[in-house]
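Working notes, structure below.
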Amino acid sequence: QVQLVESGGGLVQAGGSLRLSCAASGRTFSSYTMGWFRQPPGKEREFVAGISRTGSSTDSTDTVKGRFTISRDNAKNTVYLLMNSLKPEDTAVYYCAADREILIFQDASRYDYWGQGIQVTVSS
């Protein structure tokens with residue numbers, strides 16, 4: 001079992017940056033594909049970015065390509081989401097998730113473990 005705890009959220013002005021971190025418990029972090037999802041107010045949860053077990057492969061949704069970067073440090077059991085050029089429409093609760101599958105899936109139902117979520121608010 002994996003426990004995930006997000007940090008680094010908060011309030012930022014449009015055009016600013018934030019880096020989210022997700023710390024995982026346990027010694028098997030490198031066995032999991034990791035993903036970041038978000039849920040904007042009044043909307044469904046959506047895929048943001050994913051990273052393979054070794055970090056050699058990544059995927060992201062088109063709306064964040066060129067602005068957000070996902071990375072991981074398996075020695076620290078942590079996955080990151082660097083968010084640049086933030087826009088008000090990036091406002092959401094952000095979740096990290098762990099998946100025992102090898103491939104990176106954009107479907108939230110494929111993920112086995114979830115963090116509690118952290119608020120990111122971008123003001124205009």
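Being a predicted model, the structure only gives us computed values, none of them experimental.
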Give a yes or no on whether a salt bridge exists between Asp112 and Arg100, defined as a side-chain N under 4.0 angstrom from a carboxylate O.
yes

Ion pair Asp62/Lys65, N-O distance below 4.0 Å
yes

Donor-acceptor under 3.5 Å ([X] side chain, [Y] main chain):
X     : Y      : result
Glu6  : Gly117 : yes
Ser52 : Ser56  : yes
Ser25 : Gln3   : yes

Under 4.5 Å between any side-chain heavy atoms of [X] and [Y], yes or no?
X      : Y      : result
Glu101 : Arg110 : yes
Trp114 : Arg45  : yes
Ile51  : Val79  : yes
Glu46  : Pro40  : yes
Val48  : Leu81  : yes
Asn77  : Arg72  : no
Thr121 : Gln119 : yes
Leu4   : Met34  : yes

Mind checking whether Phe47 and Phe37 have parallel, tilted or perpendicular rings, split at 30° and 60°?
perpendicular

Group every Ile, Leu, Val, Met, Phe, Trp and Tyr by side-chain heavy-atom contacts under 4.5 Å, then state whether [X] and [Y] land in the same group.
X     : Y      : value
Tyr32 : Tyr80  : no
Trp36 : Leu18  : yes
Phe68 : Tyr95  : no
Leu82 : Val122 : no

Calculate, to the nearest 0.5 Å, the distance between atoms CG and OG1 belonging to Leu20 and Thr78 respectively.
12.5 Å

Under a 3.5 Å cutoff, is there a donor and acceptor pairing between the side chains of Arg38 and Tyr94?
yes

Minimum-distance pair of heavy atoms, taken over all atoms of [X] and [Y]:
X     : Y      : answer
Ser85 : Ser17  : N-OG, 4.3 Å
Asn74 : Ser30  : ND2-CB, 3.6 Å
Asp99 : Tyr111 : CB-CD2, 3.5 Å
Val64 : Ser60  : CG2-CB, 3.9 Å

Within 45 degrees of the axis of the six-membered ring of Phe29 and under 6.0 Å from its centre: does Arg53 put its NZ or CZ there?
no

